[in-house]
Protein chains: 2
Amino acid sequence: MRDTDLPTRRLRTWLRLLRLTRGTENRLREYLRVNHDTTLPRFDVMAALHRAHGPVKMSDVSRQLLVSNGNATAVVERLEKEALAARVPGEGDRRVVLVALTEKGRAVFEAQAADHKAEVDRLFSMLGHEELNALRDILHRVEEAGDAPTG
Amino acid sequence: MRDTDLPTRRLRTWLRLLRLTRGTENRLREYLRVNHDTTLPRFDVMAALHRAHGPVKMSDVSRQLLVSNGNATAVVERLEKEALAARVPGEGDRRVVLVALTEKGRAVFEAQAADHKAEVDRLFSMLGHEELNALRDILHRVEEAGDAPTG
DNA sequence: CCCTAATACTTTAAGCTTGAAATAAAATCC
DNA sequence: GGATTTTATTTCAAGCTTAAAGTATTAGGG
């Protein structure tokens, strides 16, 4: 396959990338389910809230996670039902709704996050600094392209 | 961030990879919806059937796409309802169910696939042979690891 | 052979996700 | 400053997805 044209190579690479991502997500989902009785969407939203060190607009949650508005609403609703997150009305703009982790949510997330990081480390243990550098350069190149898929 | 430790770098790289994949999937979903009135799961299943050049076991579909058995059943059911795919009972083993594209399904898919490939080519147009080579090496390294997430 | 275990698939309940419509509030424009 | 448009969020219907339980069939071990 030495002379494969670029479009074909790009397609094949994308399919392999997608497969790697799906497989990794499956492992992490299983890990979070078995060890922390939670799901990836919940974990992702809590991670976004934790990262922010304070209340976050609903729209920022969905923008960051690249999911729809309705999705953010739904997941936050479930987190609220378990007292892991709480909604606060926006101060200046009354259309805005802010979300933040509760005390309980912060504690629960930090325990999950430590384990999650260790699991990711294990899943990608075959990649050292050199490979990570190469991957960093490629991701950077994709992200900086005007119509970058990551917005 | 020059001295970031490996576990942290692996986690950050994974998060960026996930973001790239989600963004790309969002674009392709939108593209298929607008231009071909179909969805990614349907497209993925049809691609697996098309690739096989003949009937495929249900279990092979789910294994290939890294989704659950029940999911494969559900998506195939919808494809069947639109006469794009058809189920055939397995010959030797009566537990087995085989699936294949119909004539219509094959024609429909081939049109979709050509456009899909062009769109992927566009989304990754910033990657040339050199970057694809680097990415190929990294993916290969991950895949060949014993506990590779891609199974 | 018959019993048990393993395999292939489907069904079900619950949760996830999207796109579009609905609601509400703020910004813009005569 | 009242009408229109834009922005922020929620609601809704439909489809996607999983994990677990259920059904049917085959394989293996006395």
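Note on naming: letters A, B, ... go to the chains in the order of the sequence lines (proteins, then strands), and numbering restarts at 1 for each one.
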**Prompt:** What about A:Arg95: does its side chain form a donor-acceptor pair under 3.5 Å with the base of D:dT9?
**Reply:** no
**CA sep, side-chain torsions, deciding dist, call: A:Arg27, A:Glu30, salt bridge (charged side-chain N to carboxylate O under 4.0 Å, His left out)** = CA-CA 5 Å; A:Arg27 302 244 180 162; A:Glu30 165 85 358; over 6 Å; no
**Asked** B:Leu98 has an atom CG; how far is it from atom C1' of C:dA8, in whole Å?
**Response** 11 Å
**Message:** I'd like to know whether CG of B:Asp5 has more than 12 heavy-atom contacts from other residues, nucleotides or ligands below 6.0 angstrom.
**Reply:** yes
**Prompt:** When the distance from CG of B:Asn26 to P of C:dG19 is rounded to whole Å, what number comes out?
**Reply:** 8 Å
**Distance below 4.0 Å between B:Arg42 side-chain N/O and D:dC16 OP1 or OP2** = yes
**Along DNA chain D (nearest heavy atom to each residue), the more 5'-positioned of A:Glu30 and B:Arg78** = B:Arg78
**From C:dT10, D:dT10, C:dT11, nucleotide with atom closest to A:Thr73 side chain** = D:dT10
**Asked** Taking atom P of D:dA20 as reference, at what distance in whole Å does atom CG of A:Asp37 sit?
**Response** 11 Å
**Request:** Please determine if a side-chain N or O atom of B:Asn71 lies less than 4.0 Å away from the OP1 or OP2 oxygen of D:dT18.
**Result:** yes
**Complete:** Between A:Leu84 and the options A:Val108, A:Val45, A:Leu101, the side chain to side chain contact (heavy atoms under 4.5 Å, CB included) test singles out A:Val108
**Request:** Using only heavy-atom distances, determine whether the side chains of B:Ser68 and B:Asn71 contain a donor-acceptor pair under 3.5 Å.
**Result:** no
**Prompt:** Choosing from D:dT17, D:dT26, C:dT17, which nucleotide comes nearest the side chain of A:Pro41?
**Reply:** C:dT17
**Request:** Please check the phosphate of D:dG15 (OP1 and OP2 only) for any side-chain N or O of B:Arg33 closer than 4.0 Å.
**Result:** no
**Request:** May I have the distance from A:Glu80 (atom CD) to D:dT9 (atom C1'), rounded to whole angstrom?
**Result:** 14 Å
**Distance in angstrom units between A:Asn69 CG and C:dT23 P, rounded** = 17 Å
**Request:** May I ask you to evaluate whether B:Thr39 reaches the phosphate of D:dG15, defined as a side-chain N or O under 4.0 Å from OP1 or OP2?
**Result:** no
**Prompt:** Quick one: which of D:dA8, D:dC16, C:dA25 gets closest to the side chain of A:Lys57?
**Reply:** D:dA8
**Asked** What integer distance in Å separates B:Asp44:CG from D:dG15:P?
**Response** 18 Å
**Asked** From C:dT18, D:dT9, C:dA8, pick the nucleotide closest to the side chain of A:Val67?
**Response** C:dT18
**Asked** Looking only at side-chain N and O atoms, does A:Ser59 come under 4.0 Å of OP1 or OP2 in D:dT9?
**Response** yes
**Prompt:** Separation of B:Arg87 atom CZ from C:dC9 atom C1', in whole Å?
**Reply:** 9 Å
**Request:** Just call it for A:Ser68: base, sugar-phosphate, or nothing, with non-hydrogen atoms closer than 4.0 Å on any strand.
**Result:** base
**Message:** On DNA chain C, does the nearest nucleotide to A:Ala74 precede the nearest nucleotide to B:Val97 from the 5' side, or the other way round? Give the residue.
**Reply:** B:Val97
**Asked** Counting only side-chain N and O atoms of B:Arg94, is one of them less than 4.0 Å from OP1 or OP2 of D:dT26?
**Response** yes
**Asked** Under 4.0 Å between a side-chain N/O of B:Arg29 and OP1 or OP2 of D:dC16, yes or no?
**Response** no
**Fill in**
Tested for side chain to side chain contact (heavy atoms under 4.5 Å, CB included) against B:Thr38, the lone hit among B:Arg29, B:Glu82, B:Gln112 is B:Gln112
**Request:** Quickly work out the A:Leu40 CG to D:dC16 P distance and round it to whole Å.
**Result:** 20 Å
**Item:** Carboxylate-amine/guanidinium contact B:Arg22 B:Glu25, below 4.0 Å
**Value:** no
